[in-house]
Protein chains: 2
Amino acid sequence: MPQIDNSTDDIEARVLDAASELFIRYGYDKSTMNDIASNAGVAKSTIYLRWKKKEDVFRALLIRESCLVTEEWIDRVEADPKGGTYGAWIRHATVATFSNPFLTALYKQDRRVLGSMIERLGQTDLYQQRQAMFLHFFEALQDANAVRKDLDAHVLTYLLNSLQFGLIHFADVIPPQQTPDLSRVWEVLVEMVERLVTPEDGGDAEAGKVVVRQFMQQVRQRLDEFEKQSSFTG
Amino acid sequence: MPQIDNSTDDIEARVLDAASELFIRYGYDKSTMNDIASNAGVAKSTIYLRWKKKEDVFRALLIRESCLVTEEWIDRVEADPKGGTYGAWIRHATVATFSNPFLTALYKQDRRVLGSMIERLGQTDLYQQRQAMFLHFFEALQDANAVRKDLDAHVLTYLLNSLQFGLIHFADVIPPQQTPDLSRVWEVLVEMVERLVTPEDGGDAEAGKVVVRQFMQQVRQRLDEFEKQSSFTG
DNA sequence: TCATGACCAAATAACCTTATCTGGTCAAAT
DNA sequence: ATTTGACCAGATAAGGTTATTTGGTCATGA
């Protein structure tokens with residue numbers, strides 16, 4: 001057992017790490033506060049010094065994972081030379097989110113993981129919020145003449161949102177031996193999207209990159225503000 | 001109560017109709033043989049003269065509904081002037097299948113409807129079979145120079161299969177007020193597919209139509225043979 | 001010959017009791 | 001000032017009993 005840093009931040013991180021691992025493996029209901037405490041190397045009472053109840057640990061984890069995912073998304077877009085296209089943007093938004101098991105379980109409304117938290121969380125509207133973001137962003141690209149203006153933005157983004165849903169869930173339907181390399185799938189999908197949305201004359205690709213940059217700056221800013229005012233405690 | 005035709009075919013049809021309605025509404029487990037008999041206007045024992053057990057009624061219904069869906073699919077393709085394109089073909093394959101509530105419940109593995117039959121049916125491989133059909137058909141189109149030969153058929157058909165999955169399930173995720181007209185969604189999707197698969201030189205569209213026609217003839221033939229040797233009884 | 005109603009054993013639903021576990025609390029220890 | 005271990009009431013799990021329902025059978029009726 002290496003040196004244990006018992007600063008507040010480290011205890012909280014250790015508790016959230018333990019909670020994350022246990023919730024993913026055994027589900028929320030089957031993971032006891034004693035399990036979490038024991039895996040985090042603290043007493044159960046120590047957890048209650050920071051979070052009022054078990055549910056608050058779950059919610060703190062949700063916030064933390066969301067911030068991590070957003071960070072990942074920003075990094076991916078900024079690192080991709082083709083990050084300025086709509087198809088690539090969609091790809092990164094999806095891959096970043098669904099590389100996180102906790103957020104994936106949330107999007108999937110996975111009762112095995114979420115258990116009794118499902119009812120307590122109520123209607124999460126995750127896909128609706130996602131749809132609104134996709135829509136808002138696509139419309140900004142249309143305004144910038146970077147993509148076709150004649151496409152119905154709502155219909156297209158609904159389609160892409162449901163495709164995302166399908167890709168995420170299909171992993172549970174088709175056995176791995178019959179599943180192609182997902183990065184290949186994404187390449188085809190990005191190509192398909194780009195062939196659809198790109199205007200005949202090619203559109204204003206530079207303006208598109210500006211829109212993407214501005215959008216991601218806004219996302220970054222919101223994340224920073226959120227992290228400033230949020231703590232991961234109850 | 002109108003004239004009751006008590007020929008064998010009519011009794012069976014009435015029983016299957018009643019079973020279908022009850023299974024969809026109350027689920028397999030909550031629909032009793034007495035309910036089915038009563039709704040069909042026969043005695044429970046009459047059902048057992050034709051099917052050995054409850055499960056066999058379910059299986060007979062499955063066969064009947066599959067035949068209806070296949071018939072519907074053939075009709076749609078043949079009635080569509082654009083039925084010769086891959087995108088349109090995909091559309092009709094999907095819309096025909098998922099306009100049938102019983103088959104939809106099966107594809108969705110809807111425990112509310114299927115109940116204890118889920119375990120008894122075991123691994124249905126429905127999406128795998130569908131994938132194989134999509135793949136086989138796309139490869140035939142590639143061979144006929146009707147679509148791009150450089151596309152990875154497996155990756156593309158996996159993508160379209162998962163999209164189908166997403167579209168079917170998304171109805172349960174996004175509220176109806178925020179769901180666009182699905183025929184609009186299909187139009188965009190067909191356009192997206194066609195823009196992706198059509199070769200730069202337009203390909204051999206006439207050869208494509210021949211492939212479609214031949215394929216649907218085979219489907220029709222198989223359906224006829226199946227209906228000849230199948231009965232809807234245990 | 002075909003449809004039916006009465007019947008039956010097993011399955012299911014409803015209810016109850018007891019033992020154990022779990023989220024949360026608080027005084028004591030460091 | 002911070003962490004901990006003992007404690008507790010309510011929740012959950014496990015086990016049992018009783019009443020009702022259900023899938024299926026078979027002799028009878030038309």
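Please read these numbers as outputs of a predicted model, since none were measured by experiment. Proteins get letters first, then strands, A, B, ... in listed order; numbering begins at 1 in each.
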Requested in this report: Check every atom of D/dT25, D/dT4, C/dG23 against the side chain of B/Tyr48 and return the nucleotide holding the closest atom.
Outcome: D/dT25

Report task. Consider the side chain of A/Ile11, meaning its heavy atoms from C-beta on, and name the nucleotide among D/dG23, D/dT3, C/dG23 that approaches it most closely. Result -> D/dT3

**Report entry** Nearest-angstrom distance from the residue atom CG of B/Asn34 to P of C/dC8
**Finding:** 17 Å

Query raised in the report: Is the phosphate of C/dA13, meaning OP1 or OP2, less than 4.0 Å from a side-chain N or O of B/Lys30?
Result: yes

Requested in this report: Measure centre to centre between the rings of B/Phe138 and B/Trp89, then say whether the value is under 6.0 Å.
Outcome: no

Query raised in the report: Would you say a side-chain N or O of B/Arg50 is under 4.0 Å from OP1 or OP2 of C/dC2?
Result: no

Query raised in the report: Is there a side-chain polar atom (N or O) of B/Thr46 under 4.0 Å from OP1 or OP2 of C/dT4?
Result: yes

Query raised in the report: Side-chain N or O of B/Lys53 less than 4.0 angstrom from OP1 or OP2 on D/dG24?
Result: no

**Report entry** Interatomic distance, B/Leu49 CG vs D/dT25 P [rounded to whole Å]
**Finding:** 11 Å

Query raised in the report: In terms of side-chain geometry, is the basic nitrogen of B/Arg64 or B/Asp17 positioned less than 4.0 Å from the acidic oxygen of its partner?
Result: yes

Requested in this report: Could you check which of C/dG23, D/dG23, C/dT4 has an atom nearest any side-chain atom of A/Met33?
Outcome: C/dG23

Query raised in the report: B/Ile47 has an atom CD1; how far is it from atom P of C/dA3, in whole Å?
Result: 12 Å

Query raised in the report: Has the side chain of B/Lys44 got a donor or acceptor that lies under 3.5 Å from a partner of the other kind on the base of D/dG23?
Result: yes

Query raised in the report: Can you say whether the rings of B/Phe170 and A/Phe165 are parallel (under 30°), tilted (30 to 60°) or perpendicular (over 60°)?
Result: tilted

Query raised in the report: A/Lys52 has an atom NZ; how far is it from atom C1' of C/dC26, in whole Å?
Result: 13 Å

Report summary line: Atom CZ of A/Arg120 and atom P of C/dG23 are separated, to the nearest Å, by 11 Å

Report summary line: Output for pair (A/Glu55 CD, A/Met117 CE), nearest 0.5 Å, gives 4.0 Å

Report task. May I have the distance from A/Glu55 (atom CD) to C/dT22 (atom P), rounded to whole angstrom? Result -> 19 Å

Query raised in the report: Between atom CG in A/Asp29 and atom P in D/dA13, what is the gap in whole Å?
Result: 9 Å

Requested in this report: Calculate the interatomic distance between A/Glu12 atom CD and D/dT3 atom C1'; express it in whole Å.
Outcome: 15 Å

Report task. Could you tell me how the ring of A/Tyr28 sits relative to the ring of A/Phe58: parallel (under 30°), tilted (30 to 60°) or perpendicular (over 60°)? Result -> perpendicular

Query - Sugar-phosphate, base or nothing in reach of B/Ser116, heavy atoms under 4.0 Å - result: nothing

